[in-house]
Every structure is written in structure tokens, then in C-alpha cells.
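Throughout, protein chains are lettered first and strands after them, A, B, ... in sequence-line order, and every chain is numbered starting at 1. Everything numeric here is computed off the predicted structure, so don't read it as measured data. Scope of the values below: all heavy atoms of this structure, side chains included, with no hydrogens, waters or symmetry mates.
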There are 2 protein chains.
Amino acid sequence: MKDRIDEQLHSRNIKPTAMRELVLKVLTDQKTAISLPELELKFEKADKATLYRTLKTFEENKLIHSINDGTASVKYALCRESCECYPEDLHVHFLCTVCEHTYCLNDIPVPKINLPAKFRLENVNMVVKGVCSNCYT
Amino acid sequence: MKDRIDEQLHSRNIKPTAMRELVLKVLTDQKTAISLPELELKFEKADKATLYRTLKTFEENKLIHSINDGTASVKYALCRESCECYPEDLHVHFLCTVCEHTYCLNDIPVPKINLPAKFRLENVNMVVKGVCSNCYT
DNA sequence: ATGCTGATGCAACCAGGTTGCAAAGTTTAT
DNA sequence: ATAAACTTTGCAACCTGGTTGCATCAGCAT
């Protein structure tokens with residue numbers, strides 16, 4: 001288990017400190033994207049700033065991606081192995097308005113958009129809001 | 001001018017107070033979406049809470065729509081006359097990473113997405129980041 | 001004029017995000 | 001093995017946007 005974690009960190013050129021291993025472990029076990037405050041709650045006692053910087057490091061190195069789903073806080077989820085966070089790599093995110101969980105719909109790529117003349121595209125954030133299958137009645 | 005403003009307010013069932021007329025005027029003159037802090041700066045002396053509530057009122061009555069473009073703050077822009085903020089009414093937003101302005105790409109509808117089974121769609125937020133034509137080199 | 005309702009202004013609060021700085025831990029060169 | 005150099009961590013403090021409670025004020029109906 002730990003091996004696998006360290007391997008992941010290594011493959012993204014992130015030094016495997018104890019803290020980072022723990023955070024990555026939490027992120028791996030997570031089915032939905034998680035926010036910084038939520039991450040804090042996963043630990044008995046952990047420093048917000050450290051977690052914050054850990055997430056930033058992960059994001060810079062493309063181990064995770066951030067999602068701004070319109071709720072108060074930014075959420076984070078693991079990137080796929082092959083992800084380089086290019087526009088082609090992007091997928092749709094789904095925010096359930098009942099349970100507030102944010103899902104990565106990895107199989108649904110973000111549709112291509114034709115921008116007006118002289119607009120250059122760098123990135124796309126597409127969040128669908130609705131009710132997830134768990135909360136579906 | 002004022003007539004036109006009042007008419008707009010009236011058509012959305014919003015009582016035309018002085019404050020609201022001023023805010024709507026600012027929003028009308030705006031080419032890009034504006035945030036609460038930005039709106040505050042447009043006035044010599046105005047109360048944040050009042051502006052906040054004014055925006056909320058406008059939004060509830062579908063005179064404006066909010067855009068969460070991933071920057072720290074939520075931005076607001078006028079709805080089109082015919083807008084009821086249904087998913088069909090939605091358009092793509094563009095955030096310029098240079099000037100930080102957010103454009104309503106009114107002519108680009110949000111693409112339709114096929115969600116997984118038992119996921120119900122309510123709303124879609126699609127923000128494209130990049131460089132706008134003004135900042136394009 | 002009187003009373004009711006909703007709008008405004010002020011102050012205070014809250015949460016998430018972010019930074020500075022010193023202590024602890026790692027790595028590298030000698 | 002030791003010292004120097006660099007990185008990570010933990011703590012505290014801060015900033016900003018968003019939000020709320022409450023007293024006051026304005027507009028309208030009676």
C-alpha cells in the first residue's frame with residue numbers, strides 16, 4: 001500500500017514525506033472530491049497551512065486537480081495516471097445539491113467549445129449541478 | 001434612461017428604489033460580469049450589505065445571474081430579456097487570465113451532457129479560461 | 001397622521017484561504 | 001561524521017468575501 005503511494009508521489013516528482021503520504025492516502029480512499037476544510041476533519045490534529053501547502057504541491061505536480069463547484073470551497077480529486085491536465089484531459093464534474101458531494105465524471109469529457117475570434121482557450125471548468133444517484137428518489 | 005431602468009425592474013417585479021436603480025445602471029453599463037467587491041468600488045460610499053442584498057434580490061428575480069468563475073469571488077451579469085435561467089437558457093462564460101474580466105458568451109449555449117443513470121441535472125456552470133481578444137497579443 | 005412592510009446602513013461575525021516566521025527534518029558537500 | 005543549505009512543518013496571525021442581526025428609515029395603505 002505504502003509502496004503504491006510512494007510510487008505515485010515519485011512518479012510526479014513529489015518528495016514522499018509522512019504528511020504527504022497520509023494526505024494522498026486520504027485522497028485515494030475518497031470517492032468524491034474533497035475540500036481543504038473536509039480534509040482537515042480527516043485528521044485528529046493537523047495543521048491547516050500544511051494541508052493547504054500539501055494540496056498546492058500536489059496540484060502543481062498534477063497529482064490532483066482542483067474543482068470549483070460553486071460551493072464555498074475549492075475541492076480536490078486525484079488525477080488519472082495519464083493526466084497532464086491539458087484541455088483534452090478534462091472531464092465534467094457533478095455536484096449533488098442534496099449531499100453536496102462532488103463527483104468526477106471521468107468518462108464524460110468536457111465538450112469542445114468554439115470561442116469567438118482572438119479568444120485563446122487554456123482551460124475549462126464544467127460543473128453540473130443536480131441530484132446524484134445516491135440521493136435520487 | 002431611468003424609465004428604461006425602472007421598466008426592467010418592474011418587469012421582474014422588483015420595487016424600484018434609488019439604490020436598485022443605481023446598481024442596475026452600473027450593471028447595464030458593464031461589459032463584463034462584476035463582483036460584489038468590484039461593485040462596491042463603483043460607489044463613493046455604499047454599504048456592502050445593501051449591495052449584497054440588492055444583488056441577491058436581482059438574482060432571485062432573474063434580472064441577473066451569478067457566475068462562479070473560479071476566482072475568489074462570485075460575479076454577476078445581466079440576464080437577457082427572455083432569460084428564465086433554465087438549463088436551456090445557459091451560456092458559456094469566459095474568464096480572461098490576464099485582465100481577470102469575465103465575459104458572458106451569450107451566443108454559445110452550454111453543451112448538453114448525458115449524465116450517468118439516475119443523476120438528475122438541474123443546472124450547469126461552464127467557465128472557459130484563457131486570454132480574451134483585448135489581451136491577445 | 002398612523003401603522004405596516006420592506007429597504008437601508010452599520011457593525012459585527014464567520015469561514016476559507018493565505019502568508020511570515022521559527023523550529024524540525026532532510027539532503028548535500030566536505 | 002559534521003556542518004551548511006535547503007525543505008517541510010506547525011503555529012499564529014491576517015485578509016477578503018460573504019453573511020446576518022438589529023435599529024432606523026422610507027414608502028404606501030388605512
Visitor: Between C:dA15 atom C1' and A:Leu36 atom CG, what is the distance in whole Å?
Guide: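 Atom-to-atom, A:Leu36 to C:dA15, this comes out as 11 Å.
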
Visitor: Would you call A:Arg80-A:Asp107 a salt bridge at under 4.0 Å N-O?
Guide: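 Judged by the 4.0 Å cut-off on N to carboxylate O distance, A:Arg80 and A:Asp107 do form a salt bridge.
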
Visitor: I'd like to know if B:Glu84 and B:Arg12 make a salt bridge, using a cut-off of under 4.0 Å between side-chain N and carboxylate O.
Guide: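 So B:Glu84 pairs with B:Arg12 through a salt bridge.
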
Visitor: Can you check the A:Met19 CE to D:dG10 P distance for me, whole Å?
Guide: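 For the pair A:Met19 CE and D:dG10 P, the rounded distance is 6 Å.
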
Visitor: Heavy atoms under 4.0 Å, any strand shown: does B:Lys75 hit a base, just sugar-phosphate, or nothing?
Guide: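 Since no nucleic acid heavy atom lies under 4.0 Å of B:Lys75, the category is nothing.
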
Visitor: Mind calculating the distance between CG (A:Asn68) and C1' (D:dG18) to the nearest angstrom?
Guide: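 Taking atom C1' of D:dG18 as the reference, CG of A:Asn68 is at 15 Å.
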
Visitor: Determine whether the aromatic ring centres of A:Phe94 and B:Phe119 lie less than 6.0 Å apart.
Guide: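 Here the rings of B:Phe119 and A:Phe94 have centres that are less than 6.0 Å from each other.
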
Visitor: Is the distance from OP1 or OP2 of D:dT19 to the nearest side-chain N or O of B:Tyr52 less than 4.0 Å?
Guide: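 Result: yes.
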
Visitor: Do other residues, nucleotides or ligands put more than 12 heavy atoms under 6.0 Å from the NZ atom of A:Lys62?
Guide: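 Yes, because the 6.0 Å sphere around NZ of A:Lys62 holds more than 12 heavy atoms from other groups.
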
Visitor: How long is the line joining CG of A:Leu22 and P of D:dG10, in whole Å?
Guide: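 Value for this atom pair: 10 Å.
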
Visitor: Which part of the nucleic acid, if any, lies within contact of A:Arg20, taking any heavy atom under 4.0 Å across all strands shown: a base, the sugar-phosphate backbone alone, or nothing?
Guide: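 Sugar-phosphate, backbone atoms only, no base.
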
Visitor: Please give, in whole Å, the distance from D:dT9 P to A:Leu51 CG?
Guide: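 So the CG-P distance, A:Leu51 to D:dT9, works out to 10 Å.
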
Visitor: Specify the separation, in whole Å, of atom CG of B:Leu55 and atom C1' of D:dG17.
Guide: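 After rounding, the gap between these two atoms is 13 Å.
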
Visitor: Applying a 4.0 Å non-hydrogen cut-off, can you work out what A:Thr17 is touching in the nucleic acid: base, sugar-phosphate, or nothing?
Guide: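 Sugar-phosphate only.
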
Visitor: In whole Å, what is the span from the CD atom of B:Glu21 to the P atom of C:dT8?
Guide: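 Rounded to whole Å, this separation is 10 Å.
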
Visitor: With heavy atoms under 4.0 Å as the rule, sort B:Ser73 into base, sugar-phosphate or nothing.
Guide: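 Sugar-phosphate, backbone atoms only, no base.
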
Visitor: By nearest nucleotide on DNA chain C, pick out whichever of A:Arg53 and A:Ser35 is the more 5' one.
Guide: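 Closest to the 5' end, via its nearest nucleotide, is A:Ser35.
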
Visitor: What is the distance, rounded to the nearest whole Å, between atom NZ of A:Lys15 and atom C1' of D:dT7?
Guide: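 Going from NZ in A:Lys15 over to C1' in D:dT7 covers 5 Å.
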
Visitor: About how many Å separate CG of B:Leu9 and CD of B:Glu7, when rounded to the nearest 0.5 Å?
Guide: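 Atom-to-atom, B:Glu7:CD and B:Leu9:CG are 10.0 Å apart.
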
Visitor: Hey, is the side chain of A:Lys48 pairing donor to acceptor with the base of D:dG10 inside 3.5 Å?
Guide: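 For A:Lys48, whose side chain was compared with the base of D:dG10, there is no donor-acceptor pair (under 3.5 Å).
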
